[in-house]
Amino acid sequence: MTSTSDLLARPFATVSEMISAHSAERPDHAAIIDGATRITYHDLDIAVTAAAAALSSRGIGPGSVAAICAPTSHAYVIAFLGTLRAGAAACPLSPSVTADSLAAMISDCGAGVLFTDDAISSFLGTRLEYARIERIFLEGDGQPTFETFCRSGAQDFTPPGNQPGDPFNIIYSSGTTGTPKGIVQPHSMRWGHVRRAEGLGYGPSSVTVVSTPLYSNTTLVSLIPTLVRGGTLVLMRKFDAREFLDLSQKHRATHAMLVPVQYSRIMAAPEFDRFDLSSYQMKTCTSAPFSASLKADVLARWPGGLVEIFGMTEGGGSCLLYAHEHPDKLHTVGRPAPGHDIRIIDETGREVAPGGSGEVVGRSGAMMTGYHNQPAKTAEAEWRNPEGDRFIRTGDIGRFDEDGFLVLGDRKKDMIISGGFNIYPSDLEAELARHEAVAECAVVGVASAEWGETPAAFVVLRAGTSIEADALKAWLNDRVGRMQRLTHLKLISSLPRSSIGKVLKRELRDGFKAEAG
């Protein structure tokens, strides 16, 4: 058996190899804590092999896909890892879509089996794309159960192994900008994430609280380095700020990957300061804009480092902001990660002059293979420099400051063009957030016969405050340029968000259009 240190010294190794090595070296160390269930690396290694053998007996191996759509659980993690050990690609799917969309994604990825539960099985019904696929039930009364399934494989199963370019997983985009696309991430990309995480302190004593869904790339960016380094995962089936604090204190957590809305809710918890969080070494954040004021609050009140990761599920280039080391740069998303090439291009595809604004593109060892079955969409997501090197477009507008820190504006699709004037929603959102009555807000472009587009704001008020929409709109319009002025402001109870906290601006635009008739 190759040692963990030898594997980590290689240019490339697999998650499956690392789990087996940890099983040999530290068999009794906890790999997963799921409520009252504690799974050691020894037990995890055996369970992963059993799941892989059962998949192999059904013809699921290299070139195949196994889909997973179920709540967070230790069985989910085992099914995912078992799929990798069988040589197949895992396709974790969100249940927070329509049944037709879910069935379409199952069909599109070409899954040979589906790991699921009773509720999602009933939700899907008898749709043709789904009915042909064998179901294995991770939870509930459905048959076969995961335990029964894992006993059905051959005893002499030998893992086929993986090459760097083999598909690791297919992750479907959130659909916040349209029809979800299947992002194919190779094993080399996931190993690149492990390398990127080397400076975040993951190790054999790490305890990572997992509070985002297992189908999210955000989660895997933290979950995989924890397992590769031999740490412990503490699973949360559903995020709750008080429960997160309880688990962090109980298990002496050292790491957590959270999205901004989770940070906001945790820091706002009335009992936050009563919890002992001194065990934390590093907290990370990604997936959505992370305000400078919230970063500052986390730094002031929560022990341990704070790193913001700017990147995409598609990969390309990432930036890292070590907020605890650069408290004067909280308005940025940091500098390019080691070995990552980040550039700024204009609308014609040419690089802009230093300090200029444009679309952010990136290149690194962690890049998607492409969008599954969508070569045209893959080509649209790519940019090549004059030397022919492949970069991934982010769709974000940004610029580098004089110290090489990336300052983001808005996504290209979110920029409002009103009478030929570019309006950045983030500028208006930042100004609105200064009002003492504003808890959350989002600004989108809506149709205008006179200007083409004009900005409209959707605002959630702080508990215990009150202000009329027209008064708040007038307050903002007095503070911005004439072309930036809002034409509409609506007070709402909550902003529509994806499962990992991204504001669904498309839903706000569509809802406004529907109300306007």
Side-chain angles (χ1 to χ4, degrees), residues 14-20 22-24 27 31-32 34 37-93 95 102-103 105-107 109-162 166-170 214-215 227 235:
T14 67
V15 178
S16 187
E17 288 175 311
M18 292 300 301
I19 289 170
S20 293
H22 286 304
S23 174
I32 303 173
D34 180 9
T37 301
R38 179 182 183 273
I39 298 176
T40 67
Y41 271 94
H42 172 74
D43 292 339
L44 178 62
D45 192 40
I46 291 174
V48 168
T49 295
L55 286 166
S56 180
S57 70
R58 288 160 170 78
I60 307 298
S64 301
V65 176
I68 314 173
C69 188
T72 293
S73 69
H74 60 278
Y76 190 124
V77 178
I78 293 168
F80 192 113
L81 297 174
T83 299
L84 300 180
R85 187 164 288 182
C91 183
L93 296 167
L102 181 54
M105 287 187 282
I106 293 170
S107 177
C109 74
V113 298
L114 172 66
F115 295 103
T116 188
D117 70 356
D118 291 344
I120 294 167
S121 179
S122 297
F123 175 64
L124 279 164
T126 57
R127 285 166 177 78
L128 180 62
E129 299 91 338
Y130 169 66
R132 291 198 297 261
I133 297 175
E134 181 183 4
R135 295 164 288 173
I136 296 100
F137 290 82
L138 300 180
E139 295 181 341
D141 299 323
Q143 297 295 324
T145 66
F146 187 55
E147 291 77 10
T148 300
F149 168 79
C150 287
R151 291 195 295 266
S152 65
Q155 297 297 310
D156 58 349
F157 168 75
T158 300
N162 294 106
D166 293 343
F168 184 103
N169 55 238
I170 301 174
L214 294 181
Y215 56 77
L227 290 175
L235 304 182

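These figures come from a predicted structure and were not determined experimentally.
- Expressed to the nearest 0.5 Å, how far CD1 of Ile32 lies from NE2 of His74 amounts to 8.0 Å.
- Taken to the nearest 0.5 Å, the CZ atom of Phe123 stands 15.0 Å off from the CG atom of Asp118.
- When all heavy atoms of Arg85 and Phe157 are compared, the pair lying nearest together is O-CZ, 3.9 Å.
- Of all heavy-atom pairs between Ala24 and Pro27, the closest is O-CD, 4.0 Å.
- The salt bridge (charged side-chain N to carboxylate O under 4.0 Å, His left out) search around Asp166 returns none, not counting sequence neighbours.
- To the nearest 0.5 Å, atoms CD (Glu147) and CG (Leu138) are separated by 9.0 Å.
- Between the side chains of Arg135 and Thr116, not a single donor N or O lies within less than 3.5 Å of an accepting N or O.
- Interatomic distance, OG of Ser23 versus CG of Leu44, reported as 8.0 Å (0.5 Å rounding).
- Ser152 and Ser57 get closest at one heavy-atom pair: O-OG, 4.1 Å.
- Residue pairs that meet the side chain to side chain donor-acceptor pair (under 3.5 Å) test with at least one member in residues 59-72, sequence neighbours left out, do not exist here.
- In terms of the ring-ring contact (aromatic ring centres under 6.0 Å, His included) criterion, Tyr215 has no residue partners (sequence neighbours excluded).
- Taking each heavy atom of Leu55 and Ala86 in turn, the nearest pair found is CB-CB, 4.2 Å.
- Checked against ring-ring contact (aromatic ring centres under 6.0 Å, His included), Phe146 has the following partners two or more places apart in sequence or in another chain: Phe115.
- In this structure, Asp43 has no salt bridge (charged side-chain N to carboxylate O under 4.0 Å, His left out) partners at least two apart in sequence or on a different chain.
- Residue pairs that meet the side chain to side chain donor-acceptor pair (under 3.5 Å) test with at least one member in residues 153-162, sequence neighbours left out, are Asn162-His187.
- The distance from atom CG of Leu81 to atom CG of Leu227, rounded to the nearest 0.5 Å, is 6.5 Å.
- Within the model, atoms CD1 of Ile106 and CG of Leu93 stand 6.0 Å from one another, a figure rounded to the nearest 0.5 Å.
- When every heavy atom of Ser73 is checked against every heavy atom of Asp34, the shortest pair comes out as CA-OD2, 3.6 Å.
- When all heavy atoms of Ile170 and Cys109 are compared, the pair lying nearest together is CD1-CB, 4.3 Å.
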